[in-house]
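Numbers restart at 1 for each chain; the letters A, B, ... are given by sequence-line order, proteins then strands. Computed from a predicted structure; not experimentally measured.
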Protein chains: 2
Amino acid sequence: MKLSKKGEYALRSLIDLGIAADVGRELVQVAELAEKELIPAKFLEQIMQELKSAGFITSQRGKFGGYRLARPADDISIGEIVRLIDGPLAPIGCVSQTSYEKCSCPDEVHCGLRMLMLDVRNAIAGILDRYSLADVVDVTTRKMKRDGIPLPFSHERTHGAARRSAKEQPAAAATKRQQIPADRRLKPVEGILSELFPDYTI
Amino acid sequence: MKLSKKGEYALRSLIDLGIAADVGRELVQVAELAEKELIPAKFLEQIMQELKSAGFITSQRGKFGGYRLARPADDISIGEIVRLIDGPLAPIGCVSQTSYEKCSCPDEVHCGLRMLMLDVRNAIAGILDRYSLADVVDVTTRKMKRDGIPLPFSHERTHGAARRSAKEQPAAAATKRQQIPADRRLKPVEGILSELFPDYTI
DNA sequence: TCTTTTTCATATCATTTCAATAGGAATTAA
DNA sequence: TTAATTCCTATTGAAATGATATGAAAAAGA
């Protein structure tokens, strides 16, 4: 049930571009992304091309060029990205909603494995299609702020140009912080769900 | 997020062995499994060896030999099987509960991607570790009976030996049904969940 | 105009994984 | 003794994975 390195790199870079957009940074170069995320730069270049031709990002060529998100981060679902890079979310072709493929089993209708895997695919898609890049960016930046870690991409890099003022996030997207008794904090799930909904339990 | 062919074959065969156990069939040979499921026989042989050395099945060698489940089907979780054949359920190593691996990202604690993938891993494991082989077998045989399709493995194959009587299933495991208003019942999903709990919604 | 820095485009490569295939040894029943 | 089966190990071919390599095209600044 693996996500490929390529998929991981794509997501990490897009999340970074989302953060950059949030802090008012216009463009981010491949070199900077690669350095920050420890991704081989040339490999990342290729990935960025794919993301570009799929319409997730746009680019500025030449000196002081770079990449930025093509659409608002809340308009890009994680599922879309994963599907582009790694193909269908479904564990087996016969339960894929976006690219069904007949399987080799003799009777698909009465196949218990298929029913099971349909649940798995729905569970995966239920998460990846429900969450947007903006959700992941929000959760990340919120956690960093909470821990006093400065956000990346807060200034232009090689270029002394005046930076846009960061969009004032109205009270950190109204983080309804809610205290949880210490004994309930024992088994934090640490997922996005628990981050967005502090009372979420599995 | 793929399940490998090998994993699929392993699961299909184990489900078959579960059905065989249910209908009182003592042993099933690789050739029969391979034929029924359209799996290359020699490939399946290898898989059966792995399943055997992992303790899921036992074998009888020689003429009229074959395989059977080593433990009751409700004692074997699907997750175990998948982990054996395909490795950890987690999409990336840094969220695996059974075989964690540090990832290359600079700050694991504030990594939004990691939080997201943790949810995905929990969703997958929540299904695959919760369901047993018996659940899948039950759902399969129930659906076949409902549609008037004869269960496979109902008689010995080449051998005229007396077959065991099938275990009488006591009223299909008392499903506590709970009504959900019709407008909340979004779309029937056809998964195992919806099969076991007809009012299940996503 | 020339240089530097960037994206863009292709080709290539090394390794691993996947999905088998092959050949035969050991075991068992008749 | 023979046939049918599991067991064991090696090999193979194709594809995917995760990169490198090389250089063209574009943009900005000197």
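Applying the side chain to side chain contact (heavy atoms under 4.5 Å, CB included) rule to A:Lys36 yields the partners A:Asp16, A:Pro152, A:Phe153; only residues at least two apart in sequence or on another chain are considered. For the side chain to side chain contact (heavy atoms under 4.5 Å, CB included) test, residues two or more places apart in sequence or in another chain that qualify with A:Glu50 are A:Lys6, A:Ile85.
Put simply, CD on B:Glu32 is 14 Å from C1' on D:dA4, counting in whole angstrom units. In this structure, A:Glu50 places its CD atom 16 Å from C1' of C:dT7, rounding to the nearest Å. Rounded to whole Å, the distance from CD on B:Gln29 to P on C:dA29 is 13 Å. Following rounding to the nearest Å, B:Ile47 (CD1) and D:dT9 (P) show an atom-to-atom distance of 18 Å. Here C:dC18 presents its C1' atom at 15 Å from CD1 of B:Ile39, a figure rounded to the nearest Å. The separation between A:Leu3 atom CG and D:dA16 atom P is 17 Å, rounded to whole Å. The separation between B:Lys6 atom NZ and C:dT21 atom C1' is 14 Å, rounded to whole Å. As rounded to whole Å, 12 Å separates atom P of C:dT7 from atom CZ of A:Phe64.
For the salt bridge (charged side-chain N to carboxylate O under 4.0 Å, His left out) condition, no pair includes a residue of residues 86-105 of chain B, sequence neighbours left out.
Formation of a donor-acceptor pair under 3.5 Å by the A:Glu108 side chain with backbone atoms of A:Cys103 is found in this model. Not a single donor-acceptor pair under 3.5 Å links the side chain of B:Arg68 to the backbone N or O of B:Leu17. In this structure, the side chain of A:Ser132 engages the main chain of A:Ala134 through a donor-acceptor pair within 3.5 Å. Of the possible donor and acceptor atoms, one in the side chain of A:Arg71 sits under 3.5 Å from a partner among the backbone N and O of A:Asp75.
With respect to B:Glu8 and B:Lys2, no salt bridge is recorded, no charged nitrogen being found less than 4.0 Å from a carboxylate O. Taking 4.0 Å as the cut-off between side-chain N and carboxylate O, A:Lys42 and A:Glu45 count as a salt-bridged pair. Salt bridge absent: A:Asp107 and B:Lys143 never bring a charged side-chain N and a carboxylate O closer than 4.0 Å.
Between A:Gln49 and C:dA9 there is a side-chain N or O to OP1 or OP2 distance below 4.0 Å.
Heavy-atom distances under 4.0 Å link DNA chain C to no residue of residues 83-94 of chain B. Less than 4.0 Å separates DNA chain C from at least one heavy atom of each of the following residues of residues 52-60 of chain A: A:Lys52, A:Ser59, A:Gln60.
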For nucleotides 19-26 of chain D, give me every protein contact, N/O to N/O, under 3.5 Å, one pair per line with atom names.
{"from": "D:dA19", "atom 1": "OP2", "to": "A:Tyr9", "atom 2": "OH", "distance (Å)": "2.8"}
{"from": "D:dT20", "atom 1": "O4", "to": "A:Gln46", "atom 2": "NE2", "distance (Å)": "3.0"}
{"from": "D:dT22", "atom 1": "O4", "to": "A:Lys42", "atom 2": "NZ", "distance (Å)": "2.8"}
{"from": "D:dG23", "atom 1": "O6", "to": "A:Lys42", "atom 2": "NZ", "distance (Å)": "3.1"}
{"from": "D:dA25", "atom 1": "N3", "to": "A:Arg61", "atom 2": "NH2", "distance (Å)": "3.1"}
{"from": "D:dA26", "atom 1": "O4'", "to": "A:Arg61", "atom 2": "NH2", "distance (Å)": "3.4"}

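One finds the CG atom of A:Leu11 at 6.0 Å from the CD1 atom of A:Ile15 (value rounded to the nearest 0.5 Å).
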